[in-house]
Every structure is written in structure tokens, then in C-alpha cells.
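Below is one structure, written out as C-alpha cells; comments come after it.
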Amino acid sequence: MAPTSPASTCSTANTTTLADIGAELKRMAMRMVTKDDLTHLTNNLHEVIKSEVTGLKAEIKAQEHRIQQVEKRAQTTEDHSAATDTALKRQGTLILAMRRQLEDQDNRSRRNNIRVRGIPESPEGENIEEMLTSLFRIILREDTPALIKYDRAHRALRPRPTEGTPRDIICCLHSFAIKDLIMRKARSRAHWNYRGAEISLYNELSPMTLEARRALRPVTTILRERNMQYRWGYPFSITVRYNNEWVSARWPEDIPQFLQRLNLPPTPVPNWVFMPLDPRPQPQRQARRRRWNSPGEAPRHRPDLNNPE
């Protein structure tokens, strides 16, 4: 057998390799994406994106409408709140003015009253007007009028104490001139001796005025320590003459400036406008029991007081 030449061997190898490569290229061409495929995929992607964007636009528009409604309601609520605040401030101012006027009217209704503290109580009974007349004669002496007339006089309306400090006596004199004369004479002493007891006399004041004076006690203490004279005003105020100038305070908000103008140290003062008038518990009155008729019983006859029969 003759030997195969190298040239023929190479040619056979090259022919096989090219065929394989062609087949492989054909298979690859079949697997490659065509232009139509890309166009189809692109169109599908556009449709999906368009659908999603359309839904998002509709949702955004709905949310925008809701936000506009919320903002409109918030603005309306804010306007109503501002109007309510203005109305509340105005009502607060009117209430304070009415409170001040009520306090002044209450004090005016008590302007003829004197509160006497320290007269012992007698368990057997007492003639209050006679005791007051004898006490006022001691105070007035030669200035005692021929007649001291009382509209009313009574002990303080609280339970009788078993021991300790007696109840105050509140009297309303018929004449304001006599009442003013008694109080001017009574100021010459801190206490008066009557029946072995130390007696003090005070003007009868409204509970609101008393609470305000108690609240200003730290300020009045400083004024007394510095020998600065002050006086109370009606409607309620406190006035001090300082450097030939009258300095006054009417409300709790006036106190810081009031102290500053008097060169006094800052002093905390409670807001007496919102303080309770009387923190002490009041005695509870027992309710009267009503007698009801039993079932089937005829109503009890209530006598007619206007009919003598």
C-alpha cells in the first residue's frame, strides 16, 4: 500500500473543519434574536410601561385631589381656630371685667358693714346690738352719736365653736358716716379691750378682695419692712407713692412692672384671679326628707296658710 502524502491529509482535515464550522454557524444563526423579535419585545415593553404610567398618573391625580381637599379643610380649621381663639380672648376679657365689676358691687354692698373679732360668746344668749353699742361708745367716747342704728347684726354663719376663738360679729350700720367714724377711731389702736378680751375691728370685704390681699401678702410685707406706705383701692388695686409718683397694680400681670418701678426685688405672687375663693371645706347641709304617700294612700292634706280654716 502506497503511503499517503501530507497534502492530501491536510485537505481532508480542512474540509471537515469548515463543514463543522458552517453547521455551527447555522445553528447559532437560528438561535440569534431577530429584528422582529426585538421590535415585538420593545412594543410589549412600551405597552407595559404605558399601562403602569397611566395607572400612576391616575393615582397621583386622585392623591392630588385628596391633598387639595385636606389642605382646604386644614385652612378652614385654622381659620375657625383663629376665630375661636379671638372669641375666647374677648370672652375672657369680658369675664374678667364682669368679675371686677361684681367684686366692686359686692364691696359696695358691704360698705356699711363692720366685722368685730374677739367678743366672747355667751351660751345663755346675747344681745349683739347692745354689746356693739357699748363697744362703739368706748371707741368713740365724746364723739358717740345719740343713736347708733343697725340694719342687722349677727354672728358669722358657721357652727358655734365648743372652745377657742369665738365667731366674728358682722354688723351693718344704718349710717355710713357713723361706720366711717368708728373705723377711723378704731385705727388708733391695734386692739381694744372689751370685757377682758382683745377686740379688733375690720372692714367687711368681698371674698374675692380678701383672696387678692392674701396673695399680695409677700409684697405688702416688703413694703412694710421698707416703711413704704400703700393703700387699697376700689375696684381692687394696690397703690404706693414713690418718688412723687403714684404706682398702682390692678391685675396679677401688673406685679412684675409694679415691683420694678418701686425698685423692689422680684417676688412670686400667685394669680389670685384663678384662686379658689375659700379652700376650706364647707359643712354639708342635710337634705330634708320628703314624706311620700304609701301606695293606695290618699294624698296628705297640706294646710293653706292663707286660709284661716
Side-chain angles (χ1 to χ4, degrees), residues 26-107 206-219 233-238 247-262 264-282 284-285 287:
K26 186 176 180 180
R27 289 193 297 270
M28 291 178 61
M30 293 177 64
R31 292 196 302 266
M32 290 180 62
V33 180
T34 62
K35 183 178 179 181
D36 294 336
D37 293 336
L38 292 175
T39 302
H40 180 69
L41 291 174
T42 303
N43 292 335
N44 289 340
L45 182 61
H46 287 172
E47 291 295 330
V48 171
I49 294 175
K50 183 177 180 181
S51 176
E52 293 292 336
V53 170
T54 303
L56 288 175
K57 286 183 178 180
E59 187 175 352
I60 290 173
K61 188 173 182 179
Q63 293 296 335
E64 181 181 2
H65 178 71
R66 293 178 182 176
I67 292 173
Q68 290 177 353
Q69 294 295 324
V70 170
E71 290 179 349
K72 184 178 180 180
R73 293 176 182 175
Q75 184 63 38
T76 303
T77 303
E78 185 176 352
D79 295 340
H80 289 172
S81 177
T84 302
D85 290 342
T86 303
L88 287 176
K89 290 179 180 179
R90 177 172 176 78
Q91 291 178 1
T93 303
L94 293 176
I95 290 174
L96 291 178
M98 293 173 61
R99 181 188 187 278
R100 188 173 180 84
Q101 185 175 5
L102 176 62
E103 178 184 359
D104 183 55
Q105 293 296 327
D106 194 3
N107 283 322
S206 166
M208 291 182 283
T209 303
L210 293 176
E211 288 297 334
R213 292 191 179 187
R214 292 191 190 100
L216 287 173
R217 190 170 295 167
V219 176
Y234 302 94
F236 178 78
S237 65
I238 181 172
V247 183
S248 300
R250 300 172 57 189
W251 300 102
E253 296 80 7
D254 302 336
I255 298 301
Q257 186 178 3
F258 175 78
L259 297 175
Q260 183 179 3
R261 293 180 61 183
L262 296 176
L264 297 178
T267 305
V269 174
N271 191 332
W272 62 80
V273 175
F274 301 106
M275 291 176 62
L277 293 182
D278 192 355
R280 296 173 298 179
Q282 298 294 331
Q284 298 293 331
R285 300 182 59 185

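The figures that follow rest on heavy atoms only: side chains count, while hydrogens, waters and symmetry mates do not. Just so you know, residue 1 is the first one in the sequence shown, and it goes up from there. What you are looking at is a predicted structure, and each value in this text was computed from that prediction instead of being measured.
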Could you list the donor-acceptor pairs under 3.5 angstrom formed by side chains in residues 249-261, with sequence neighbours left out?
residue: D254; atom: OD2; partner: R250; partner atom: N; Å: 3.1
residue: D254; atom: OD2; partner: W251; partner atom: N; Å: 3.0
residue: R261; atom: NH2; partner: E245; partner atom: OE2; Å: 2.5

CD of E59 to CZ of R66, rounded to nearest 0.5 Å, is 8.5 Å

Is R214 salt-bridged to E211, cutoff N-O under 4.0 Å?
-> yes

Return each pair, listed once, that meets side chain to side chain donor-acceptor pair (under 3.5 Å) where at least one residue sits in residues 68-77; pairs must be two or more places apart or across chains.
-> Q75-D79

Applying side-chain contact (heavy atoms from CB on, under 4.5 Å) to P235 and not counting sequence neighbours gives R100, D104

Tell me, please, which residues at least two apart from L88 pass side-chain contact (heavy atoms from CB on, under 4.5 Å).
-> T84, Q91

Measuring from E64:CD to I67:CD1, what's the distance to the nearest 0.5 Å?
-> 7.5 Å

Say you draw a straight line from CD1 of I60 to CD of Q63; how long is it, rounded to the nearest 0.5 Å?
-> 9.0 Å

Qualifying residues under side-chain contact (heavy atoms from CB on, under 4.5 Å), relative to V53, sequence neighbours excluded | I49, K57

Taking atom CD of E103 and atom CG of L210, what is their separation to the nearest 0.5 Å?
-> 9.0 Å

Residues in side-chain contact (heavy atoms from CB on, under 4.5 Å) with D106, at least two apart?
-> S109, R110, S206, P207

Would you indicate whether the side-chain heavy atoms of F236 and M208 approach each other to under 4.5 Å?
-> no

So how far is it from L102 CG to Q105 CD, rounded to the nearest 0.5 Å?
-> 8.0 Å

Heavy-atom nearest pair, P218 first then A215, reads CD-O, 3.3 Å

